[in-house]
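Notes to accompany the following structure.
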Amino acid sequence: AGFDRTGQTANSGIMFFVPERGLVIFADGTSASGSYTLRLQYMDVTVDQPNWVTSVTLAAPIAVCNYFSTAAWCPDNHRIIVGAVAGDNSGVYEIAIPSPLSAPWPVTRVPFGPGQTIDFPVTDDLTRWSYKRWTYNPKTKSIVYLPRTGDGSPGGGGDDTVFVYRPRG
């Protein structure tokens, strides 16, 4: 099967590797009706002639922003960590990878501490967005997220904004 880009915003999505399972995963937001839902596709690179599997079923749907790119594998808790969930800037979502892969993938919301939020860009307003991705750093055991630099204007300016999230587990 081929890679599916149907219903996707041109500048969205993120690809990452899950070494423990030999999977390359692509996460993006797809839309059929104007609102975006998280879609996961994977390729098992441990087999000869791997193909994209585009039929992942999440145990619960996750609404995401239309320029979604905030997913990463956390090798310490063995979960996919997802941010930028539409309407929810006070937590992240963890997705477990089941065996068999055809089973629904469990989803758990993990709230931040009281009063803590991440200012995820939620629109296609490019003055609020940069292409810095949500990445897991194994040395700091955290996700470091630089959603934008300065005030987003073409020449920059203002302060950079950096968020750090340390997954549970």
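None of these values were measured; they are calculated from a predicted model. The basis for the numbers below is simple: all heavy atoms, side chains too, and nothing from hydrogens, waters or symmetry mates.
Annotation for Pro61 and Thr37: closest pair CB-CG2, 4.3 Å, computed over non-hydrogen atoms. The heavy-atom pair separating Gly13 from Asp28 by the smallest distance is CA-CB, 3.8 Å. Listed here is the closest heavy atom pair of Pro98 and Ala103: CG-O, 3.5 Å. Closest heavy-atom contact between Ala71 and Val82: CB-CG2, 4.2 Å. Here the closest non-hydrogen pair linking Asn77 and Pro167 is ND2-CB, 3.9 Å. Here the closest non-hydrogen pair linking Ile81 and Cys74 is CG1-CB, 3.8 Å.
The salt bridge (charged side-chain N to carboxylate O under 4.0 Å, His left out) contacts involving residues 50-59 comprise nothing, where partners must be two or more places apart or lie in separate chains. Evaluation of the ring pair (Phe, Tyr, Trp, His ring centres under 6.0 Å) test over residues 73-99, restricted to residues two or more places apart or in two chains, returns none. Sorted by first then second residue, the salt bridge (charged side-chain N to carboxylate O under 4.0 Å, His left out) pairs that include residues 45-69, not counting sequence neighbours, number zero. Legend: salt bridge (charged side-chain N to carboxylate O under 4.0 Å, His left out) pairs involving residues 100-114, not counting sequence neighbours, sorted by first then second residue: Asp88-Arg109. Listed by first and then second residue, the salt bridge (charged side-chain N to carboxylate O under 4.0 Å, His left out) pairs that reach into residues 61-72 come to none, sequence neighbours excluded.
Considering only residues two or more places apart in sequence or on other chains, Phe16 meets the ring pair (Phe, Tyr, Trp, His ring centres under 6.0 Å) condition with none of them. Contacts of Asp44 classified as side chain to side chain donor-acceptor pair (under 3.5 Å), with partners at least two apart in sequence or in another chain: Thr46. Scanning for salt bridge (Lys or Arg N to Asp or Glu O under 4.0 Å) contacts around Asp76 gives Lys141, with sequence neighbours left out. For Ser102, the side chain to side chain donor-acceptor pair (under 3.5 Å) test picks out no residue, with sequence neighbours left out. Remark: Ser142 engages Thr140 in a side chain to side chain donor-acceptor pair (under 3.5 Å) (not counting sequence neighbours). In this view, Phe112 and Tyr165 satisfy the ring pair (Phe, Tyr, Trp, His ring centres under 6.0 Å) rule, not counting sequence neighbours. Evaluation of the side chain to side chain contact (heavy atoms under 4.5 Å, CB included) rule for Ser55 yields Val53 as partners, not counting sequence neighbours.
At a threshold of 4.5 Å between non-hydrogen side-chain atoms, the residues Ile118 and Tyr145 count as touching. Side-chain contact between Trp105 and Val56 is present, with at least one heavy-atom pair separated by less than 4.5 Å. Contact of the Glu20 side chain with the Pro75 side chain is registered, since non-hydrogen atoms from C-beta on lie closer than 4.5 Å. Considering only heavy atoms from C-beta on, Val24 stays 4.5 Å or farther from Tyr42 through its side chain.
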Exercise. Would Val45 and Phe17 satisfy side-chain contact (heavy atoms from CB on, under 4.5 Å), going step by step from the backbone distance to the final call?
Worked result: CA-CA 10 Å; Val45 296; Phe17 183 56; 3.8 Å; yes
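Separating the CE atom in Met15 from the CZ atom in Phe26 is a distance of 6.0 Å, to the nearest 0.5 Å. Atom CG of Leu40 sits about 6.5 Å away from atom CD1 of Ile25, to the nearest 0.5 Å. The distance from the CZ atom of Arg166 to the CG atom of Asn137 is 10.0 Å, given to the nearest 0.5 Å. Here the CH2-CZ distance, from Trp134 to Phe163, works out to 9.5 Å after rounding to the nearest 0.5 Å. For the atom pair Ile95 CD1 and Ile80 CD1, the distance stands at 5.0 Å (nearest 0.5 Å).
The backbone N or O of Ile97 sits less than 3.5 Å from a side-chain atom of Arg21, completing a donor-acceptor pair.
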